[in-house]
Every structure is written in structure tokens, then in C-alpha cells.
Amino acid sequence: VGAGVAGIASAGGEFESLRTSLGTALGSQKAGGEAFAQVREFAKETPFAVKEVVQAVTTLRVRGLEPTVEAAMEALKTYGDVAGALGKDLPTVIEAVSDASLGEFERLKEAFNVVGHKSGDEIRLTFNGVTTTVKNSSEAITGYLKNIGKENFAGGMELQAKTLQGAWSNLGDSVMIFADDIYRNGLGDALKEVMLDITGTVEGSDSLAQTIGGTLATAVREAYDWF
């Protein structure tokens with residue numbers, strides 16, 4: 001029972017921290033909670049862990065790559081397919097998109113197999129030997145990358161989810177989500193109340209600590225004298 005409670009507390013605590021971080025990034029805990037609900041569903045149905053998806057959504061929103069959480073979740077379907085098809089983790093793909101939107105293309109080679117070059121007010125992007133010229137703007141660059149994902153890597157997440165590693169990831173997410181539900185339905189509040197009480201007791205127990213320390217010191221000296 002103790003081990004089970006500890007496991008639930010660990011999972012629930014981790015999700016609580018992720019939910020809070022997402023709320024901070026989005027400007028309110030209410031928005032963070034609503035977004036986290038979408039993140040949980042996305043993770044449950046894909047080969048990506050909740051933590052990866054939170055990181056990806058945060059990057060897309062905070063860096064202005066997507067205007068809303070809903071748009072970010074929609075974009076993740078495409079970027080997730082790229083990650084799944086090429087065997088990359090989701091944050092790697094999202095960071096490559098973020099860099100590319102700023103005109104930095106080094107990570108794009110690894111994440112998309114795309115080579116990019118600046119040419120004045122335009123960007124030349126090459127994929128599979130085909131070069132496309134787009135406007136040097138975040139919107140144009142990310143639009144190109146989304147098209148590459150939709151046209152060449154569609155279904156990548158689904159294929160990855162069917163592998164043993166993907167199935168294991170989905171199982172792990174389902175267990176964590178179940179634990180989080182238990183944590184949020186009373187257990188978490190109870191644990192925090194107990195921890196606060198214990199903390200208060202420890203912080204206000206200087207005299208008790210002195211008594212225990214003195215008693216133990218006496219016991220050690222007496223044991224030494226006995227030998």
C-alpha cells in the first residue's frame with residue numbers, strides 16, 4: 001500500500017508541476033489546466049510522453065509560433081508525424097522548427113532532412129533534392145515545414161505507436177494519467193496537508209532537537225566508557 005501511494009504521489013506531483021509550468025507559460029493556471037487536459041489526451045493516443053508534449057506546446061506558444069493552444073495542438077499532429085517517421089523525439093523537432101523560424105537551419109538537417117539557406121529576403125529550403133524558395137518570415141518557413149510533414153510523413157505517429165516502444169510509452173502514459181486522477185481527487189491535498197504539518201513540526205522543534213542530540217551524545221560517551 002505504501003509503495004502504491006508513493007507511486008501515485010510521484011506521478012501526481014510530476015503532473016501537478018507540469019500543469020503549473022504550463023499555466024505560467026500561458027499566463028494563467030486556468031488556461032494551463034485546460035491545455036494540460038488536451039496534452040494528456042494527445043499523449044495517451046501517441047507515442048510521446050506527457051512531459052514531451054508539454055514542452056512542445058510551451059515552445060510553440062511562448063515563442064509565438066502558434067497563436068493559440070488549439071493551433072499548437074493541431075500543429076503537433078504534423079510535427080509528431082515527422083518525429084515518429086524519422087525516429088526523433090518531439091522536442092527535437094519542435095526546437096528545429098523554432099530555430100528555423102529565426103533563420104537558423106542547422107537543426108533542420110537532423111530533424112526534417114531539410115537544408116536551408118538565406119538569400120536576401122528569401123529562404124531556400126531543400127528537401128529530397130527539391131529546392132523551394134519562401135519568404136524570410138516565421139509564418140512562411142513554418143508553413144513550408146508543415147507541408148513537408150503532411151505530404152511526406154503523414155501517419156508517422158500511428159506507425160510508431162504500433163511498435164513495442166510506442167505501446168510501452170502509451171501504457172506508461174495511461175498509468176500516469178490514472179495516478180494523476182487519483183492524486184487530484186483528494187490524495188494530493190491530503191499529502192500536502194500532512195507535509196505542511198510535518199514541516200511546521202520540524203521547524204518549530206529546536207528544543208526537541210537539542211534534547212535528542214544531548215541524549216544521543218550521552219549514550220555514545222557511556223558506550224565508549226563501557227568499552
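This is a predicted model, so every value here is computed, not measured.
Checked by atom type and distance alone, the side chain of Arg61 pairs as donor or acceptor with a backbone atom of Glu66 at under 3.5 Å. For the pair Thr58 (side chain) and Val54 (backbone), a donor-acceptor distance under 3.5 Å is present. Side-chain atoms of Ser169 come within 3.5 Å of backbone N or O of Pro47 as a donor-acceptor pair. A donor-acceptor pair is defined here as one N or O able to donate and one able to accept, closer than 3.5 Å; no such pair exists between the side chain of Thr126 and the backbone of Gly129. Within the 3.5 Å criterion, the main-chain N or O of Glu122 finds no donor-acceptor partner in the side chain of Ser119. A donor-acceptor pair is defined here as one N or O able to donate and one able to accept, closer than 3.5 Å; no such pair exists between the side chain of Glu222 and the backbone of Ala219. Judged by distance alone, the side chain of Ser101 and the main-chain N or O of Ser98 form a donor-acceptor pair under 3.5 Å. Panel note: side chain Asn152, backbone Ile148; a donor-acceptor pair is recorded below 3.5 Å. No donor-acceptor pair closer than 3.5 Å links the side chain of Ser17 to the backbone N or O of Gly13.
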Show your reasoning for whether side chain to side chain contact (heavy atoms under 4.5 Å, CB included) applies to Val53 and Val57. CA-CA 6 Å; Val53 183; Val57 171; 4.2 Å; yes

Working note: Ile8 + Phe178, criterion side chain to side chain contact (heavy atoms under 4.5 Å, CB included); need CA distance, chi angles, decisive distance, verdict. CA-CA 9 Å; Ile8 292 171; Phe178 181 63; over 6 Å; no

What's the verdict on salt bridge (Lys or Arg N to Asp or Glu O under 4.0 Å) for Lys51 and Asp173, showing C-alpha distance, side-chain angles and the deciding distance? CA-CA 10 Å; Lys51 187 174 183 178; Asp173 283 329; over 6 Å; no

Just do the side chain to side chain contact (heavy atoms under 4.5 Å, CB included) check on Ile123 and Thr133 with the steps written out, would you? CA-CA 6 Å; Ile123 301 294; Thr133 301; over 6 Å; no

Kindly indicate, with the supporting measurements, whether the criterion ring pair (Phe, Tyr, Trp, His ring centres under 6.0 Å) is fulfilled by Phe36 and Phe15. CA-CA 9 Å; Phe36 194 77; Phe15 274 27; 5.5 Å; yes

Should Thr78 and Asp81 be marked as a side chain to side chain contact (heavy atoms under 4.5 Å, CB included) after you check the CA-CA gap, both sets of side-chain angles, and the distance that decides it? CA-CA 5 Å; Thr78 299; Asp81 276 340; 5.7 Å; no

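Between Phe105 and His117 there is no side-chain heavy-atom pair separated by less than 4.5 Å. Thr46 places none of its side-chain heavy atoms less than 4.5 Å from the side chain of Gln160. Counting only heavy atoms from C-beta outward, the side chains of Asn113 and Asn128 never approach each other to under 4.5 Å. Side-chain contact between Gln29 and Thr20: present, with at least one pair of heavy atoms (C-beta onward) separated by less than 4.5 Å. Side-chain contact between Asp89 and Glu52 is present, with heavy atoms from C-beta onward closer than 4.5 Å. By the 4.5 Å heavy-atom criterion applied to side chains, Asp181 and Arg40 are counted as neighbours.
The environment of CD in Glu16 is crowded: more than 12 heavy-atom neighbours from other residues, nucleotides or ligands sit within 6.0 Å. Few gaps surround CD on Glu70; more than 12 heavy atoms of other groups in view lie less than 6.0 Å from it.
A distance of 5.5 Å separates CG in Leu108 from CG in Leu145, rounded to the nearest 0.5 Å. Taken to the nearest 0.5 Å, the OH atom of Tyr183 stands 9.0 Å off from the CG atom of Asp180. Of the inter-residue distances, the one linking Leu125 atom CG with Asn147 atom CG reads 11.5 Å to the nearest 0.5 angstrom. Remark: Asn170 CG to Lys162 NZ distance equals 12.5 Å, nearest 0.5 Å. Taking OG1 from Thr24 and CZ from Arg19, the interatomic distance works out to 12.5 Å, rounded to the nearest 0.5 Å. Lys146 NZ to Lys77 NZ: the interatomic distance, rounded to the nearest 0.5 Å, is 12.0 Å.
The shortest non-hydrogen separation linking Ala31 to Leu26 is O-CD1, 3.8 Å. What you find for Val69 and Ala35 is that their closest heavy atoms are CG1-CB, 3.8 Å. Minimum heavy-atom separation, Ala111 to Leu86: O-CD1, 3.2 Å.
With respect to the salt-bridge test (charged N to carboxylate O, under 4.0 angstrom), the residues Glu95 and Arg63 qualify. The pair Arg107-Asp99 meets the salt-bridge criterion, since a charged nitrogen lies less than 4.0 angstrom from a carboxylate oxygen.
Aromatic ring centres of Phe153 and Phe112 lie farther apart than the 6.0 Å criterion allows.
Ring geometry, Phe42 versus Phe48: the interplanar angle falls under 30°, so the pair is classed parallel (tilted spans 30 to 60°).
Cluster membership for Ile182 and Leu18, using ILVMFWY side-chain heavy atoms within less than 4.5 angstrom, is not shared.
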